[in-house]
Q: 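Pasting a structure below so you can have a look.
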Amino acid sequence: MDLNQQFEQAVAESKELKERPSNDTLLQLYSLYKQATEGDVNGEAPAMFDFVAKAKYEAWSALQGKTQDEARQEYINLVQKLRN
């Protein structure tokens, strides 16, 4: 199975986890997913008082420069860790 197939499988598995991950872990999953599917962050940063959107933007922005394949592999590894 190639990396893209493994990534798609991990995305599906992330939606079926037995326990809901912590907010920090959910933010990590989100940012890795965005980096893996869209690459470096783009667009304007959200308004200062939109705390959730701001946290998501900053988490994704922190991954700037990481390749999409690296982000896919890290996402796969994180989902596997959460499943165990």
Side-chain angles (χ1 to χ4, degrees):
M1 190 177 336
D2 75 359
L3 187 62
N4 288 329
Q5 291 171 319
Q6 291 177 36
F7 177 70
E8 291 303 321
Q9 181 179 345
V11 169
E13 290 172 353
S14 73
K15 296 174 185 172
E16 299 172 358
L17 294 171
K18 293 176 184 169
E19 293 182 23
R20 184 179 190 276
S22 69
N23 287 339
D24 286 341
T25 302
L26 288 172
L27 200 54
Q28 189 177 8
L29 285 168
Y30 170 84
S31 60
L32 286 168
Y33 178 85
K34 292 294 275 185
Q35 189 71 18
T37 58
E38 297 184 31
D40 287 342
V41 71
N42 51 37
E44 297 278 325
M48 182 170 31
F49 295 108
D50 189 350
F51 299 114
V52 173
K54 184 91 170 151
K56 287 180 172 182
Y57 182 89
E58 288 175 354
W60 183 14
S61 180
L63 299 180
Q64 191 145 348
K66 184 179 296 284
T67 68
Q68 288 180 291
D69 282 347
E70 288 172 333
R72 284 183 188 100
Q73 188 61 58
E74 286 185 32
Y75 186 96
I76 293 164
N77 294 345
L78 180 56
V79 170
Q80 288 175 345
K81 180 180 168 188
L82 292 171
R83 290 185 66 215
N84 295 333

Q: Under a 4.5 Å side-chain heavy-atom rule over Ile, Leu, Val, Met, Phe, Trp and Tyr, are Leu27 and Leu29 clustered together?
A: no

Q: For residues Ala47 and Lys54, report the shortest heavy-atom separation together with the two atoms involved.
A: O-CD, 4.2 Å

Q: Okay, side chain of Gln5, backbone of Asp2: is any donor-acceptor separation there less than 3.5 Å?
A: yes

Q: Search all heavy atoms of Lys66 against all heavy atoms of Glu74 and return the closest pair with its distance.
A: NZ-OE2, 2.6 Å

Q: Is Trp60 reachable from Leu32 through a run of I, L, V, M, F, W or Y residues, each pair having side-chain heavy atoms under 4.5 Å apart?
A: no

Q: With no hydrogens and no angle check, do the side chains of Asp69 and Gln73 hold a donor and an acceptor under 3.5 Å apart?
A: no

Q: Hey, does Val41 have a side-chain heavy atom less than 4.5 Å from the side chain of Gln64?
A: yes

Q: Given 3.5 Å as the limit, does a donor-acceptor pair link the side chain of Gln6 with the main chain of Met1, or not?
A: yes

Q: Within the supplied structure, the quantity of interest is the number of heavy atoms (other residues, nucleotides, ligands) at a distance under 6.0 Å from Tyr57 OH; does it exceed 12?
A: yes

Q: To the nearest 0.5 angstrom, please state how far the CD atom of Glu19 sits from the OG1 atom of Thr25.
A: 11.5 Å

Q: Can you hop from Phe7 to Leu17 via hydrophobic side chains spaced under 4.5 Å?
A: yes

Q: To the nearest 0.5 angstrom, please state how far the CG atom of Asp40 sits from the CD atom of Gln68.
A: 8.5 Å

Q: Hey, mind stepping through Leu26 and Arg20 against side-chain contact (heavy atoms from CB on, under 4.5 Å) and telling me if it holds?
A: CA-CA 9 Å; Leu26 288 172; Arg20 184 179 190 276; 3.3 Å; yes

Q: Within this structure, what is the CZ-OH distance for the pair Arg72 and Tyr33, rounded to the nearest 0.5 Å?
A: 10.0 Å

Q: Between the main-chain N or O of Val11 and the side-chain N or O of Ser14, is there a donor-acceptor pair closer than 3.5 Å?
A: yes

Q: Given side chains that start at C-beta, do those of Lys34 and Leu63 come closer than 4.5 Å, heavy atoms only?
A: no

Q: At their closest point, which heavy atom of Ala36 faces which heavy atom of Ala71, and how far apart are they?
A: N-CB, 3.7 Å

